[in-house]
There are 2 protein chains.
Amino acid sequence: METPNHCQFCAQHPDSAFHGMSREGLEEISQLKTCVSFRKGQVIMHEGARPQGVYCVHKGKIKLYTLGTEGKEQIIRFVTRGDLIGYRSILSDEPISASATALEDTFACYIPKSSFFKVIEDNPKFSLNLLKLSCHELGEAGKMITSLAQKNVKERLAEILLILNTTFGEDEEGYIDINLTREEIANMVGTATESVIRLISELRKEGYIRSKGKRIAVEDRSALRAMASVFE
Amino acid sequence: METPNHCQFCAQHPDSAFHGMSREGLEEISQLKTCVSFRKGQVIMHEGARPQGVYCVHKGKIKLYTLGTEGKEQIIRFVTRGDLIGYRSILSDEPISASATALEDTFACYIPKSSFFKVIEDNPKFSLNLLKLSCHELGEAGKMITSLAQKNVKERLAEILLILNTTFGEDEEGYIDINLTREEIANMVGTATESVIRLISELRKEGYIRSKGKRIAVEDRSALRAMASVFE
DNA sequence: GGATGACTATGACATTTATCATATCTTTGA
DNA sequence: TCAAAGATATGATAAATGTCATAGTCATCC
């Protein structure tokens, strides 16, 4: 079994950008990278900056968010093990469009920009994987745009809870395995914190979910999907 | 000068997916494609379908839209000359996430799926260009998500008008060079048609825009940007 | 373990936006 | 050119959601 710090570890995941890469290609990346870690709450990348490299997350959870005009966060997406941060900015030669903050202690591999370009050139399979991932994400973003434009707040909250449940899975007690404040959930739904608090209470009373402290568990998944008009 | 139906014609555009491709690569695509046309209002691709090929738009304007739960359209984006439709679905191996309808008579080149994969394999420059375009679009999608989540309807309308002005340019009288109903604009802003009608009237009275029939012109661009909190 | 700060919960009220109805104007097609 | 259909405009009202205020609970740190 390879050491967990070797890129082959991540390449085993079928959705990984490294999937299907040659041994030589993975070896190349392993030589070029350095290992870094971030404490919970630490900002990894700032919106508007021009990153000098790419992070590949090895362990931990990260939120990608923008700041609106009032300084309010909008969480766009989460990044977990096997995901890359910063490559889009580098490839499109634009400032980075969302900040990244560690939600828990996080370990990542850092690949400098020039090395990243070299890997891209040497490994068409890698860039094709990135293209596939980007295409998938564009589809997801389109869905989110439609939800934000057309669904009411309750439906959107339900949808976000389902997404969180799918993204992070459940802990031993069945709760969504991520530690988020009501404010952070509101920053995904695009609504006021109080509205989220009220609607979580309502969804609980209606039997869709259960909660304990900050933690939330989806109780009736198919009912919640129907209520949120989420189709597969 | 090459005939306008040759792929080199589109490759001249610096933002084109074909930019920087070899003459041989462009020749390869030209051999594989067929020319097609669509009448105004014709549906080019249906949301949820699995396209058997990719369209490269040669002339015309297309809207990409999803249908929400009440059957209401949400316009995600426009596609104009030089843009590709359908490649994301093919590459991510997912059903297509948005329908495409021609806003005016449109001419395109059609590349069958298998040919498209061949071109991708043979031309890493092409797939890298697609990756760059996708990365750029993901940044744009993130901005739209933040606007929908945090801006009010008036700000969003202003922002949409600016985007339309930039995307389609102006005709000889200075009006945005695209023919959209108020309903279609509402379907981009994510609001009721009546709200758009009211706010267009308001923006006109406040001097930001002028309008004549369906047509709208941006009068004071920087003021509109400030009002919409749009920064570069 | 306790204090403090952060977070959650709830009520009251304000604001924004949607819906419904109706009249007028514009565009389209024969 | 004209009639019909579609789109735009406006008013009134309803509904959804935001804001403000306050109290209670939870998590963190010393």
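The chains referred to below are lettered A, B, ... by the order of the sequence lines, with proteins before strands, and numbering in each begins at 1.
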Give the rounded distance in Å between these two atoms: CD of B:Glu104 and P of C:dT28. 13 Å
Toward the 5' end of DNA chain D, which comes first, A:Lys214 or A:Gly190, by nearest nucleotide? A:Gly190
Using whole Å, report how far CD1 of B:Ile216 lies from C1' of D:dA7. 13 Å
Under 6.0 Å between ring centres, would you say that holds for B:Phe38 and B:Tyr55? yes
Report the distance from atom CG of A:Leu180 to atom C1' of C:dA6, rounded to the nearest whole Å. 16 Å
B:Glu104 and its salt bridge (charged side-chain N to carboxylate O under 4.0 Å, His left out) partner, picked from B:Lys59, B:Lys61, B:Arg39: B:Lys61
Is it true that the NZ or CZ of B:Arg225 lies under 6.0 Å from the centre of B:Tyr208's six-membered ring and within 45 degrees of the ring axis? no
From CD1 of B:Ile197 across to C1' of C:dC25 the rounded distance in Å is 12 Å
Side-chain donor or acceptor of A:Glu194 under 3.5 Å from a matching atom on the base of D:dC20? yes
Is there a donor on the side chain of A:Arg198 or the base of C:dG11 sitting less than 3.5 Å from an acceptor on the other? yes
Taking for each residue the nucleotide of DNA chain D with the nearest heavy atom, is it A:Lys154 or A:Asn179 whose nucleotide lies nearer the 5' end? A:Lys154
Send over the distance from B:Glu155 CD to C:dT16 P, rounded to a whole Å. 11 Å
Taking the six-membered ring of B:Tyr65 as reference, does the cationic atom of B:Lys63 (NZ for Lys, CZ for Arg) lie under 6.0 Å from its centre and within 45° of its axis? yes
DNA chain C nearest-nucleotide lookup for B:Ala192 and A:Ile200: closer to the 5′ end is A:Ile200
Counting the atoms with a prime plus P, OP1 and OP2 as sugar-phosphate, which does A:Ser201 contact under 4.0 Å by heavy atoms, base, sugar-phosphate, or nothing? sugar-phosphate
